[in-house]
Amino acid sequence: MSAVQLKSFGSVPFASIAQQSAQQIGKSVQNIVAPKQNGAKLSDGKVVASPNDKYDFIDALLLVTAGALCRTLGQGTIHPLDTIKTRLQVSLPLPALKEWHNAVEASATVIDIGGLKIRLSNLFFAKGFFDVYLGFTGAVGGTFPTYMLYFAVDEVCKRFFLKNFGWQRRSMQGHFIASTLAATAAAVIKVPTDVLKHRVQAYVYPNVVNAAGCILKQKGLLGMYDGFAATLMRDVPEMVVQFTVYEQVQTILQALEDSKAKKEGRAPVVVVGHPLLVGGIAGAVAAFVTTPCDVLKTQMQCSGAKTLPDALNAVLKDRGIAGLFGGVEPRVVQTTILSAVFFFTLEIAKVELKKMQERRALRDAATPLV
């Protein structure tokens with residue numbers, strides 16, 4: 001079999017690791033889609049025995065863990081933006097929150113560009129560097145178990161659908177149902193994490209430990225699940241849109257290349273849309289369309305609204321329709337970065353897992369049967 005060609009999109013000249021990862025991903029895609037005869041075909045063209053099913057659970061666990069670690073890394077990266085977004089969405093008469101808004105206004109700079117005046121506010125450091133990292137420990141500490149559960153349920157669902165219905169991993173219906181079930185299960189951990197994180201970010205409590213103690217004392221365990229329905233309303237469509245857009249962009253790029261190759265009378269090459277670029281696009285689209293749900297969720301978790309209608313009425317009364325898109329700019333930016341970092345690191349993890357499987361297959365093939 002001839003060497004695999006690769007065409008990548010969106011590579012950044014100064015990021016050599018990005019180009020290298022794209023090339024490795026292309027090889028892994030070829031390994032997955034290439035027909036396997038007389039064993040597993042590796043990226044170097046060698047043929048060995050297929051991996052034994054005894055490794056299936058370990059591989060799935062490694063993939064789930066990699067997904068959770070990548071999501072945690074992304075969450076830590078965008079935490080300052082999440083803090084700013086939360087403060088822009090919350091309507092609370094708290095002195096500390098009002099002080100932050102006043103500090104932002106006081107630090108604003110007006111730039112005159114040809115008569116066009118642009119007002120720039122110092123959202124990040126209006127009250128010092130560490131201020132935007134309030135709630136960081138709760139955010140990072142809660143993200144890993146949340147997404148361990150999310151990706152575990154997602155993986156189990158996709159394997160079940162493939163085995164029983166023949167739905168491929170990239171199928172639209174498989175993504176939707178698996179993401180819905182996974183997001184619902186993960187919300188058991190995610191919602192309490194968000195409640196603690198957002199209330200610390202909005203200056204309601206000084207830290208997550210104090211927040212947990214006060215909420216449990218005042219409202220009991222149910223107080224930790226304020227905004228549960230709103231969280232599902234946001235997370236299910238966000239995850240479905242994010243993963244679906246990512247997969248579909250990759251599929252469209254490959255389909256365009258296949259069509260072009262057919263017209264030119266040549267074999268198609270493996271096309272890999274760069275994970276940083278495609279992941280960022282997927283995150284931006286998902287963030288924008290789900291911002292109203294995010295506003296209502298934050299309102300319920302921070303501002304005391306007990307039901308979705310109460311939260312909606314409070315937002316509309318205070319800021320009108322525009323209030324449903326409060327904090328949309330930092331939210332789109334943060335989710336774009338989060339999604340780009342997540343998909344990029346996840347694809348690298350998949351490549352490394354594939355290499356491990358190939359080394360294991362070679363080792364097993366060299367081991368005589370007893």
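- Going from atom CG of L97 over to atom CH2 of W100 covers 7.5 Å, rounded to the nearest 0.5 Å.
- Applying the side chain to side chain donor-acceptor pair (under 3.5 Å) test to residues at least two apart or on different chains, the pairs with a partner in residues 207-221 are K219-D226.
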message = I'd like to know whether R360 forms a side chain to side chain contact (heavy atoms under 4.5 Å, CB included) with D59, so could you lay out the CA-CA distance, the side-chain angles of the two residues, the decisive distance to 0.1 Å, and finally the verdict.
response = CA-CA 11 Å; R360 189 172 61 209; D59 291 343; 2.7 Å; yes
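- Residues I252 and Y246 do not share a hydrophobic cluster, defined by chaining ILVMFWY side chains whose heavy atoms lie under 4.5 Å apart.
- Contacts classified as ring pair (Phe, Tyr, Trp, His ring centres under 6.0 Å) and involving residues 295-321 (residues at least two apart or in different chains) are not found.
- Between the side chain of Y203 and the main chain of E99, no donor-acceptor pair closer than 3.5 Å is present.
- Under the 4.5 Å side-chain heavy-atom criterion for ILVMFWY residues, no single connected hydrophobic cluster contains both V156 and L61.
- Proximity of L73 to F342: side-chain heavy atoms (C-beta onward) are nowhere separated by under 4.5 Å.
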For residues 276-285, tabulate all N or O donor-acceptor pairs below 3.5 Å that involve a side-chain atom, not counting sequence neighbours.
none

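- For the residue pair C302 and V90, the shortest heavy atom distance occurs at CB-CG2, 3.8 Å.
- Residues L216 and V188 share a hydrophobic cluster, clusters being chains of Ile/Leu/Val/Met/Phe/Trp/Tyr side chains in contact below 4.5 Å.
- The shortest side-chain heavy-atom distance between L338 and Q242 does not fall under the 4.5 Å cut-off.
- Between the side chains of Q75 and T143, no donor N or O sits under 3.5 Å from an acceptor N or O.
- Remark: R319 pairs with S91, Q299 by the side chain to side chain contact (heavy atoms under 4.5 Å, CB included) rule, at least two apart or across chains.
- Judged by distance alone, the side chain of Q334 and the main-chain N or O of D82 form a donor-acceptor pair under 3.5 Å.
- At least one side-chain heavy atom of P330 sits under 4.5 Å from a side-chain heavy atom of L88.
- Once rounded to the nearest 0.5 Å, the distance linking CG of L221 with CD1 of I215 reads 11.0 Å.
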Side chain to side chain contact (heavy atoms under 4.5 Å, CB included) between E257 and L253, intermediate numbers included = CA-CA 6 Å; E257 164 59 19; L253 289 175; over 6 Å; no
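- In this structure, M233 and T290 have side chains that are not in contact, with every pair of non-hydrogen atoms separated by 4.5 Å or more.
- If you take OG1 on T184 and NZ on K190, they are separated by 13.0 Å, rounding to the nearest 0.5 Å.
- Looking only at atom types and distance, the side chain of Y147 has no donor-acceptor partner in the side chain of D154 under 3.5 Å away.
- For E329, the salt bridge (charged side-chain N to carboxylate O under 4.0 Å, His left out) test picks out no residue, with sequence neighbours left out.
- Across all non-hydrogen atoms, the minimal contact from V200 to P206 is CG1-O, 3.9 Å.
- Heavy atoms only, all atoms of each residue included: T291 and V328 are closest at OG1-CG2, 3.6 Å.
- For the 3.5 Å distance criterion, the side chains of Y150 and R71 fail to qualify, holding no donor opposite an acceptor.
- Evaluation of the side chain to side chain contact (heavy atoms under 4.5 Å, CB included) rule for L69 yields T65, F144 as partners, not counting sequence neighbours.
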task = Could you give me the CA-CA distance, side-chain angles and deciding distance for M300 and F228, then say whether side chain to side chain contact (heavy atoms under 4.5 Å, CB included) is met?
result = CA-CA 9 Å; M300 292 183 70; F228 186 87; over 6 Å; no
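- Partners of I337 under the side chain to side chain contact (heavy atoms under 4.5 Å, CB included) rule, at least two apart in sequence or in another chain, are T77, I78, L81, V333, V341.
- The CD atom of Q89 sits 6.0 Å away from atom OG1 of T86, with the distance rounded to the nearest 0.5 Å.
- Shown here are the salt bridge (charged side-chain N to carboxylate O under 4.0 Å, His left out) partners of E155, two or more places apart in sequence or in another chain: R159, R169.
- The closest side-chain heavy-atom distance from V195 to Y225 is not below 4.5 Å.
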message = With side chain to side chain contact (heavy atoms under 4.5 Å, CB included) as the criterion, how do H198 and V204 come out once you've worked through the C-alpha distance, each side chain's angles and the decisive distance to 0.1 Å?
response = CA-CA 9 Å; H198 288 323; V204 179; over 6 Å; no
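- The SG atom of C214 sits 10.5 Å away from atom CZ of R199, with the distance rounded to the nearest 0.5 Å.
- Residue K317 holds its NZ atom at 13.5 Å from CG of L312, rounded to the nearest 0.5 Å.
- Between A229 and L308, the closest heavy-atom pair is CB-CD1, 4.5 Å.
- Under a hydrophobic clustering in which Ile, Leu, Val, Met, Phe, Trp and Tyr are joined whenever their side-chain heavy atoms come within less than 4.5 Å, directly or via other members, L222 and L196 fall into different clusters.
- Under a 4.5 Å side-chain heavy-atom criterion applied to ILVMFWY residues, the cluster that includes V236 comprises L149, V153, F160, F161, F165, W167, F176, I177, L181, I189, V240 as well.
- Annotation: salt bridge (charged side-chain N to carboxylate O under 4.0 Å, His left out) contacts involving residues 279-303, sequence neighbours excluded, comprise K85-D294, D194-K297, R234-D294, D294-R331.
- The aromatic rings of F243 and F151 stand perpendicular to each other, their planes meeting at an angle above 60°, with 30° marking the opposite boundary.
- F136 pairs by the side chain to side chain contact (heavy atoms under 4.5 Å, CB included) definition with H79, Y133, V140, not counting sequence neighbours.
- Although no hydrogens or angles enter the test, the distance criterion places a donor-acceptor pair under 3.5 Å between the side chain of T307 and the main chain of D310.
- Legend: salt bridge (charged side-chain N to carboxylate O under 4.0 Å, His left out) pairs involving residues 275-287, not counting sequence neighbours: none detected.
- Contact between V295 and G323 at its shortest, heavy atoms only, is CG1-O, 3.5 Å.
- If you check the side chains of H175 and T244, you find no donor sitting under 3.5 Å from an acceptor.
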